[in-house]
Amino acid sequence: MTAAVDTRVVRRRLGPGRRIRLAFWVGPVLLLAVWALGSAFGVISPAILTAPWDVLTAFRDQWVEHDLLGNVLASLARAGLGLAFGALAGTVLAVVSGLSRWGESLIDGPIQIKRSVPTLALIPLFIAWFGIGQEMKVVTIALISMIPIYVNTHNGLRGIDGRYAELAETLAIGRGEFVRHVVLPGALPGFLLGLRFAVTSSLLGLVVVEQYNATSGVGHMMTLAEQYGQTDVLVVGLVIYGVFGFLADATVRLTERKVLTWRRTLDG
Amino acid sequence: MTAAVDTRVVRRRLGPGRRIRLAFWVGPVLLLAVWALGSAFGVISPAILTAPWDVLTAFRDQWVEHDLLGNVLASLARAGLGLAFGALAGTVLAVVSGLSRWGESLIDGPIQIKRSVPTLALIPLFIAWFGIGQEMKVVTIALISMIPIYVNTHNGLRGIDGRYAELAETLAIGRGEFVRHVVLPGALPGFLLGLRFAVTSSLLGLVVVEQYNATSGVGHMMTLAEQYGQTDVLVVGLVIYGVFGFLADATVRLTERKVLTWRRTLDG
Amino acid sequence: MAADTGRLTGTPPAVRVRDLYRDFGPGRTVLRGLDLDVAPGEFVALIGRSGTGKSTLLRALAGLDRDVAGHGEVTVPDSVSVVFQDSRLLPWKRILPNVVFGSRAPDAVVRGERALAEVGLAGRERAWPHELSGGEQQRASLARSLVRQPELLLADEPFGALDALTRIRMHALLRRLCETHRPAVLLVTHDVDEAIVLADRVILLDDGVVHTDVRVELPHRSPADPAFAELRAYLLDRLGVHDEDVPAGRRAAA
Amino acid sequence: MAADTGRLTGTPPAVRVRDLYRDFGPGRTVLRGLDLDVAPGEFVALIGRSGTGKSTLLRALAGLDRDVAGHGEVTVPDSVSVVFQDSRLLPWKRILPNVVFGSRAPDAVVRGERALAEVGLAGRERAWPHELSGGEQQRASLARSLVRQPELLLADEPFGALDALTRIRMHALLRRLCETHRPAVLLVTHDVDEAIVLADRVILLDDGVVHTDVRVELPHRSPADPAFAELRAYLLDRLGVHDEDVPAGRRAAA
Amino acid sequence: GGGSGESLKLSAPLPDTVPSGTQIRIGDPSVQAILDASGLGKQLTDAGVDVQWANITGGPQSIQAFRGDQLDCSSVADIPSLFAAWTGTSTRIVFQSVTVDPLRHPTYELGTAPGTTVRSLADLRGKRIAYSAGQAQGALVLRVLQKAGLSRKDVTLVDLTSTGDSYVTALGSGAVDVAPLGASNVRIYRAKYPRGGAVPTGIRDDAATLYCLTSAVRDAGKAAALKVYVAVRARALLWKNTHPDQYAKAYLEGTQGLSAADARAVIADDGTTGIPANWDNAVTRLQRTADLLAREQHHPKLDVSTLVDRRYEKVEAAAAGSRAVTGDAS
Ligand SMILES: Nc1ncnc2c1ncn2[C@@H]1O[C@H](COP(=O)(O)OP(=O)(O)OP(=O)(O)O)[C@@H](O)[C@H]1O
Ligand SMILES: Nc1ncnc2c1ncn2[C@@H]1O[C@H](COP(=O)(O)OP(=O)(O)OP(=O)(O)O)[C@@H](O)[C@H]1O
Ligand SMILES: [Mg+2]
Ligand SMILES: [Mg+2]
């Protein structure tokens, strides 16, 4: 059976087909290559975008001299805490407003309005309510990252096939069980998509909140770099954002693949 | 048959049930009421949040003295143009990267990275490439609003039931027909969700781009108000954002309901 | 073989339907004044042409048609179990959790495993629904209704995708279940033989009402029995299958 | 009633399968060395227990199992049409667009409307799939395969959800189609009568191979014909249905 | 919060004793760093002053914090106190400092785009100039035009917010001809765009203040604490003049993240800080700026004497003692 014949009927594949191993890295690596080559051959002037090697130097400098690690950790702690609260609040609100028309009428409108309004303009309110310390920062990030979780989970929940709700109704289960066994797993794809947005939102929120009374953090570092015009440090910040964002996104998508194995979709 | 008996089996409804007419407005109206009462009874200090009536005055003042209408129209034109380009680009990229693993490996990573990076920090690049005129603003907004369209459409596309792709393969249709009849309608719920985010993103992008060489626009107005610390004008801007965001979102969701009548989901 | 209202005893019926109308829009009135009684413990088979409203009736009894236009009176017992026409397994649960889903019995898992073994799916407890064949999915969905002990079982073509042998085994299983718990049963089927083999009563839905209602009183429920064949012919005739429809030889010289 | 390889003429077979293995993981080898030939224009009915691999075989012939482990040799004509076990209508298209989807004939719409009328769905062209009953969906999916003229028709229980009368009409329809275009047909069914009525040859899948292969050579394809009954009994026996399985009377004193 | 709660008239003499438990919330990071490095911070604790530091400076952020009552004082230039008044937040300046030799150490210069030559201010006519209405850079542009005898009609003001190096990019890409650049941006600009230039404005832009919520100054406890703080702050700034290396280490490198070379350059740019013997000149300059902005940006006229609390003038001068600067330097 080692050399068994295997001629199959070959049909033009219309879906994306099988995953290519490590293909994942092609885009970012290409981006890096373009940046490096562009800088090397003078297509990208250092005035516009610092060259990768200069960013590396700046990176080492920040790491050794200015506690880059501490900044990153401080930021991650803030973002992580805010994200955790935001994800929890977003999910709870999405379930409440997804399962009850009255809940929806109370919750949904204000959230859409909050979502439409620039966070920067809300900061004065938050400062008044929560002070200028860690609390304000975490609350702001929580509110920022709550939004995509809410919207996507709500949307995912409302997209659950109505036949499963019918089934649940004939099984005479309670609302709690319904939420646990039907609503949450059914809305999980939506939630995970929301999480992907929430992760990046929480990181981006740092840039805003760390302008206020922060003494550490990547956002703080970038604010200072902007003030003093340290382009290379600014690009260090951008790279950190890019790397963290990309890795966080990749992590969520990996999780997605693991927990959504039950799905038979174009994703294969 | 006018007074026909109708006793049905009553089963506890687990889904959200029927839509309540106008319930839609309850949240925003409540928000307004809280704001008005809070201001009236001094719970909300005017230094933090201008009272609604003072905002009205400021609104009239802006309308008459500072061409608010002109500002709003200029902003809408920018946001609309950017959104149109962004939606188109996002959809095309999502389809390409959704249907081909190689397309994905090239497109997806860079987009996730772009998404993770603060737009504000990219503005210097855009200024260098596109100047500080209308072009730069439209491009920036297009890039901002492309992201949610891309991510959501891609996700929606990949979530299409694999059995429909199988069906299409046995019908021996071409890729174009497959995209038109299976991929686009199947990814439409995702696209529309992305559109909801893109609409608000494009409006929020105004705050960033209109800091640059704009002589009109709501974002410009808010930038000035923030610098001067004119809370009332800032709140005029916030209200305009809230109203536009809410209405745009509601419009997309209404469209959603119209074009997704084929769905039998918890949304009913 | 006279029509029978099903009101045999003094006990109130388990299912009572009066003057039921269901209406899916202009020209699509599916049920038009349907009356039906099912006694407790009675096994009723419901046959009828595709699209006559069998599923619609079942959904009305299951309380799943709040939003459908119509009126009428419907009474059913408190505890109802439904086997849907599509097998309706939750795609995100493996088979065993699907089968025991919603069952609050302390030994639910054991009963679920037993039910799966009974429908021939032992060893598939941890399979995903999409990994089952069509007939296997249908049997899993049947197993789900076996772990419950409802007063009324509504089954919408539960054996449609099963081969002859598996079908006979499932018949036996269902019969055993009925003998132990004696639920009232309303079983939709397209197979007249199946209806006669299983049911106490066969009703035929046509034009929105119960068009034919026969009590099955056969000593041997075997197709070989002439009474069986007679009842079968009668029902097929009421369904509209006449001799001219029975195919003659074709393509003699293929 | 001897087994028949199906290689009657010198023309190459439409379908040729050699030594086919399909394997869904440890202990789940579904096809194990299956051989099969179907001549052009030949009508083969495929029967077998639920879960024996009938759909798996059809998917292999349709080229839909790229990602399933296994090997073997499969040859099919270029133009293949599939009626899936689930009716697989695109939920976002109304019925008529679903039926003509992928058809490039200039008169596709007219043919679609005619096909819908033939399956008894005239007037439902603009319905959404979810507005159809189970049997109606199945018929719509059948109509979709009628508007095409494939060299090979693979049909996975296309009549499972149909009542006796509708089923007889659909049989006639399918026969007409076969007489006009003479595609090779592989039809999965659970109904042995249906297999005998429709097919030139009945094959029985068991244990991953073609276990029984009989040519149907009856003068009258009527259940009344003794030869019919004999073939039926033979096939049922091969399927494992023996007399002891046939139900006796039950609940005599209900 | 954190005050004694006892209210104090704005005309009453400043109390000397700091009630225990008095806390003042101050955004003054550079002085904070100096107090740590020099050991002067001990003078505050000795006097019973409890400072809660915030890393907040600059107009918009400090006004937001004031409004939310999260901050008592913040170090800024002169513009924020004007805008606070115009937008209804009552503040008082309690500290003024200057740059000794301000024209040699300007805060801003006029950057000129590659290919644009501006030799004197009169050359600005017809040029496109970056203008940011609410920021100090905007006020500077108006003052430059005033000095050049030009009106807004004689040039094209391009609305552009100054964030980070946005002006550097705008100049470099030729989007504007002229833009006010802070000293560090001038260095970056010259490095990135060798063909670009920067010319001095010839205008004093060295105003530096500590301004506080009026409500803080009205609180007897906080007013007393501020009295101590103002004196210590004056000594701290003078210490900075004499200990540039320690200052660079503690603040510019330590908390601001600059390299040693950049820090040295910033110190060279900053020049020497002076504590004025009196505030007469500073208040006059502030009034002139207020008048100009009122006229050009359509604000109500403002009497800046209501924005300064001159009780602290003497406290500050006394702390500097003989080192206070007088005359033109102040
Ligand atoms: N939501 C709906 N909207 C419009 N028409 C509907 C809807 N649901 C059912 N119908 C129509 O009502 C009729 C009865 O449907 P029902 O599902 O009850 O048939 P059925 O007897 O169960 O048929 P089958 O044996 O094919 O399952 C059908 O013609 C169907 O098209
Ligand atoms: N993706 C899969 N993963 C694991 N097992 C599978 C998968 N698909 C099918 N099987 C198993 O392979 C066997 C054959 O499946 P197949 O669908 O071919 O059966 P079938 O003969 O069509 O049955 P039915 O008559 O019930 O439709 C079944 O036992 C099924 O559980
Ligand atoms: Mg039905
Ligand atoms: Mg099958």
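From a predicted model like this one, the values you see are computed outputs, not experimental measurements. In the text below, chain A, chain B and the rest are named by the order of the sequence lines, each starting its count at 1.
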message: For B:Thr200, is there any backbone N or O sitting under 3.5 Å from a side-chain donor or acceptor partner on A:Ser116?
response: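 Side chain of A:Ser116 to backbone of B:Thr200, a donor-acceptor pair under 3.5 Å: no, none is there.
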
task: Using atom types as modelled and distance alone, determine if a side-chain donor or acceptor of B:Arg101 lies under 3.5 Å from a backbone N or O of A:Gly17.
output: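 Yes: the side chain of B:Arg101 pairs with the backbone of A:Gly17.
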
If you count heavy-atom pairs under 4.5 Å between each of [options] and chain B, which one has the most?
| options | result |
| --- | --- |
| A:Leu49, A:Leu203, A:Val151, A:Ile127 | A:Val151 |
| A:Ala128, A:Pro189, A:Pro110 | A:Pro110 |
| A:Pro28, A:Ser105, A:Gly162 | A:Ser105 |
| A:Trp102, A:Trp129, A:Phe244 | A:Trp102 |
| A:Val208, A:Thr170, A:Leu260 | A:Thr170 |
| A:Ala165, A:Gly159, A:Gly237 | A:Gly159 |

Which region of [X], side chain (C-beta onward) or backbone (N, CA, C, O), has a non-hydrogen atom less than 4.5 Å from a non-hydrogen atom of chain A, or is it both or neither?
| X | value |
| --- | --- |
| B:Ile173 | both |
| B:Glu166 | neither |
| B:Phe246 | both |
| B:Trp25 | neither |
| B:Arg18 | backbone |
| B:Val207 | side chain |

Taking every non-hydrogen pair under 4.5 Å, which of [options] racks up the most with chain A?
| options | value |
| --- | --- |
| B:Gln112, B:Arg13, B:Arg11, B:Arg115 | B:Arg115 |
| B:Arg253, B:Arg163, B:Lys114 | B:Arg253 |
| B:Val182, B:Leu125, B:Leu122 | B:Leu125 |
| B:Leu234, B:Leu157, B:Val239, B:Leu238 | B:Leu238 |
| B:Val179, B:Leu193, B:Ile111, B:Leu106 | B:Leu193 |

Is [Y] close to [X] at the side-chain level, that is, under 4.5 Å between some pair of heavy atoms?
| X | Y | result |
| --- | --- | --- |
| B:Met222 | A:Pro118 | yes |
| A:Thr119 | B:Leu204 | no |
| B:Val183 | A:Leu14 | no |

Just verifying a value: how many Å separate [X] [atom1] and [Y] [atom2], rounded to the nearest 0.5 Å?
| X | Y | atom1 | atom2 | result |
| --- | --- | --- | --- | --- |
| A:Phe197 | B:Ile147 | CZ | CD1 | 8.5 Å |
| A:Leu266 | B:Asp161 | CG | CG | 8.5 Å |
| A:Thr265 | B:Tyr164 | OG1 | OH | 12.5 Å |
| A:Ile107 | B:Leu30 | CD1 | CG | 11.5 Å |
| A:Arg263 | B:Arg158 | CZ | CZ | 11.0 Å |
| B:Asp249 | A:Asp108 | CG | CG | 7.5 Å |

field: B:Arg175, CZ: over 12 other non-hydrogen atoms inside 6.0 angstrom
entry: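 Above 12, so yes.
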
query: Side chain, backbone, both or neither: which part of A:Glu256 has a heavy atom under 4.5 Å from chain B?
result: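 Just the side chain, heavy atoms under 4.5 Å.
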
